[in-house]
Participant: 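Below are the structure tokens for one structure; questions will follow.
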Amino acid sequence: MRFSKGFFPTVKEVPSDAIIPSHQLMIRAGLIRPLGAGIFSFLPIGYAVMKNVMQIIREEMDAIGGQEFCLPALNPVELWEESDRVRSFGDTMFHVKNRALVLAPTHEEVITSIARNHIRSYKDLPQIWYQIQTKFRNEPRPKSGVLRGRQFNMKDSYSLDASQEGLDNSYDLHAEAYKKIYSRCGLHFFIVGASSGAMGGSGSQEFMVESEAGEDTVALCDSCHYAANVEVASSGVAPAIRTKESHAIEEIFTPNIKTIDQLAEFLKVGTDRCAKSLVYIGDGKPVLIFMMGNDQLNETKLRTALGTDARAAEPEELSSLTGADAGSIGPIGLKANFTIIADKRLEGANGLISGANKNDYHIRNIDFNRDVKIGSYYDLRTVEQGEPCLKCSKPLRIVKGIELGHIFKLGTKYSVSMKANFLDDQGKEQPIIMGSYGIGLERIIACFIEQHHDASGIIWSKSIAPYDIHLICVNANSETVVAKSEELYRMLTETHISVLYDDRTNVTPGFKFNDADLLGMPLQVIVGEKNLKNNQIELKERLTGKRWTVAVDQLVGEVKNRVFGS
RNA sequence: CGGGGUGUAGCUCAGCCUGGCUAGAGCGCUUGCUUUGGGAGCAAGAAGUCGUAGGUUCGAAUCCUAUCACCCCGACCA
């Protein structure tokens, strides 16, 4: 493509409302333009990258036996009522005003509908069905450029199996395909165990990249590569000590002591001797939760432990249920009947200090085995930076991550609610066992740029670069330089190398060099007067900035090696 | 949905607090000449309903009210 004929709207100035590097560079290099909040146009160079990513995805999906569909984005709302997801998506789903239609945020329903109409027998299974298609989600707050948009492209696939083992196999195939896809795109990623959450099902993993712009928080071990969303992460942090002797409990006057830190300071003890009390309401019933010292309660873990949603109690509820305000609540002398649970770290501990359920008083020497009826101990705490890894004891890092993909073992949630059944080899009707697997295309591109850029611009990998090489005609006024540039453009193009050819006559060399660095093709071929006099052409590797020259007649061979070599 | 911020030329922004002549700058754009290895020089030129609507005033980009859009923080995020 000739630069002079193409549409490459590069901009020098950083757009004012782009904060993260990928957003700034995608606009500056002319990949995208915003149309509304969370809505972007992909311009030719951005779409070229998108198509390359799609190609990699298609190859890897086809390699595991996937079949590509193109499903409608417009769906009858009735379909979504069958799975009860009109309610569960709520305001996140776009509804069409003048028809009973919705814009699909994902496609489990459509897939299940096709399956129930056509899958009859276990002999029709397994199937892997995928598509690359636009999704619509009414995000309350779009942000970070294309990372969180209201309309975006997703590769979504669905596995249909006759057995749990079949699902496990389809799931593993996807996990392997996803690793290949991200690796081929040039992304540094990691895999985390995730909570299967409201999707239901038995297993789920997220593919993530580490990034300050991320919306998830992850505990990572750099040594053994343990990785988990903090919603589910655990560490090998030491439990509370149990001393040999358990002294009798004793009430102590602690005026105006509200926090664990104040309490530990006042009594000159470590925070690990303090049992922090939290009151939650789950299913309308009060729950008293004990955490060691300043450990933070993890509400996702609490929800899992209780098997129900729970909320923190209001201040008025605290005093009516316990007899004290926050800061003086404890296990002994409660007014109401509580379910009492505690973090595993406190299991069987004694010599603990906790509130007396009387303002300005605490109780010491509490023995959880002797003095408190603990319903159960659960892992309820939020892992913190530097705690030892559960597997290898090396310190954990807590980082922000961007979710690039998510794989789910759905099970029979949709096949049961939507009646997608098959006859097994006993002639018995069974619900199809499903899996669901998603990859965000825009996120791959934005995350790639987050990981591969410098002060001058983007640094594409060969695999997804919009063009293989950037050919620069430095001196557009020199007939010999222009003639040689034109000749090389023709020769390289004939060799099936995709060339972005900067043939502009009206800009200075510096302008072309800066555009080339901004656009970020892996290899630059620079045709200039000085080198051409010596029958030489200059090459520049974008990643390293390394420059070298080759003889004119060896140029095409050298470029071919670079582009097609490993 | 709560909190904060911003809307002035294609882009980045100044002017607003303290109302007052014909609304500015840099970059970009058009034309001509010069220039040509890291975002060129000179000259001439085009380009803005100051987000929108209403109000106050002799007079509003500027003050007031409403509204819309966008950005940031939070809530939310199968």
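In the text below, chain A, chain B and the rest are named by the order of the sequence lines, each starting its count at 1. The shown structure was predicted, so the numbers you read here are calculated from the model rather than taken from an experiment.
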Participant: Of the nucleotides B:rC72, B:rA40, B:rG37, which one has an atom closest to the side chain of A:Asn531?
Facilitator: B:rG37
Participant: Can a side-chain donor-acceptor contact be found between A:Asp156 and A:Gln131 if the only test is distance below 3.5 angstrom?
Facilitator: yes
Participant: By the 4.0 Å heavy-atom rule, please label A:Lys540 as base, sugar-phosphate, or nothing.
Facilitator: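 The answer is base, as A:Lys540 lies within the cut-off (heavy atoms under 4.0 Å) of a base atom.
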Participant: Give, ordered by number, those residues of residues 92-103 of chain A having at least one heavy-atom distance below 4.0 Å to an atom of RNA chain B; if nothing qualifies, reply none.
Facilitator: none
Participant: Would you mind telling me which of B:rU36, B:rC71, B:rG37 lies closest to the side-chain atoms of A:Ala37?
Facilitator: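 Of the options given, the side chain of A:Ala37 lies nearest B:rC71.
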Participant: Identify whether any heavy atom of A:Ile472 sits under 4.0 Å from a base atom; if not, whether one sits that close to sugar-phosphate; answer base, sugar-phosphate or nothing.
Facilitator: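 Counting heavy atoms under 4.0 Å across all strands, no contact is made by A:Ile472.
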Participant: Give one of base, sugar-phosphate or nothing for A:Asp91, where a contact means two heavy atoms less than 4.0 Å apart.
Facilitator: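 No contact.
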Participant: To the nearest Å, give me how far apart CD (A:Glu403) and C1' (B:rC77) are.
Facilitator: 9 Å
Participant: So that I know where these two stand, are A:Tyr437 and A:Tyr158 an aromatic pair - ring centroids less than 6.0 Å apart?
Facilitator: no
Participant: So does A:Arg148 reach the base of B:rC77 with its side chain, donor to acceptor, closer than 3.5 Å?
Facilitator: yes
Participant: Is any side-chain N of the basic residue among A:Lys400 and A:Asp216 closer than 4.0 Å to the acidic one's carboxylate O?
Facilitator: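 Salt bridge flag = no for A:Asp216 with A:Lys400.
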Participant: Applying a 4.0 Å non-hydrogen cut-off, can you work out what A:Glu538 is touching in the nucleic acid: base, sugar-phosphate, or nothing?
Facilitator: base
Participant: Return the set of residues passing ring-ring contact (aromatic ring centres under 6.0 Å, His included) with A:Tyr130 (not counting sequence neighbours), or none when no residue passes.
Facilitator: none
Participant: Quiz question: going by heavy-atom distance under 3.5 Å, is there a donor-acceptor pair between the base of B:rG37 and the side chain of A:Glu529?
Facilitator: no
Participant: What's the closest nucleotide to the side chain of A:Pro140 if the choices are B:rC76, B:rC73, B:rU36?
Facilitator: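 Of B:rC76, B:rC73, B:rU36, B:rC76 is nearest to the side chain of A:Pro140.
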Participant: With no angle test and no hydrogens, is the base of B:rG26 tied to the side chain of A:Glu13 by a donor-acceptor pair under 3.5 Å?
Facilitator: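 Looking at the base of B:rG26, it does pair with a donor or acceptor on the side chain of A:Glu13 (distance under 3.5 Å).
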Participant: Which base, if any, makes a Watson-Crick or G-U wobble pair with B:rU6, both distances under 3.5 Å?
Facilitator: B:rA69
Participant: So A:Val11, base contact, sugar-phosphate only, or nothing? Heavy-atom distance under 4.0 Å.
Facilitator: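 The answer is nothing, as A:Val11 stays clear of every strand by at least 4.0 Å.
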Participant: Which of these passes ring-ring contact (aromatic ring centres under 6.0 Å, His included) with A:Phe189: A:Tyr182, A:Tyr178, A:Phe448?
Facilitator: A:Tyr182
Participant: Please tell me which of the listed nucleotides, B:rC72, B:rC71, B:rU36, lies nearest to the side chain of A:Pro509?
Facilitator: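 Given the options B:rC72, B:rC71, B:rU36, the side chain of A:Pro509 is closest to B:rU36.
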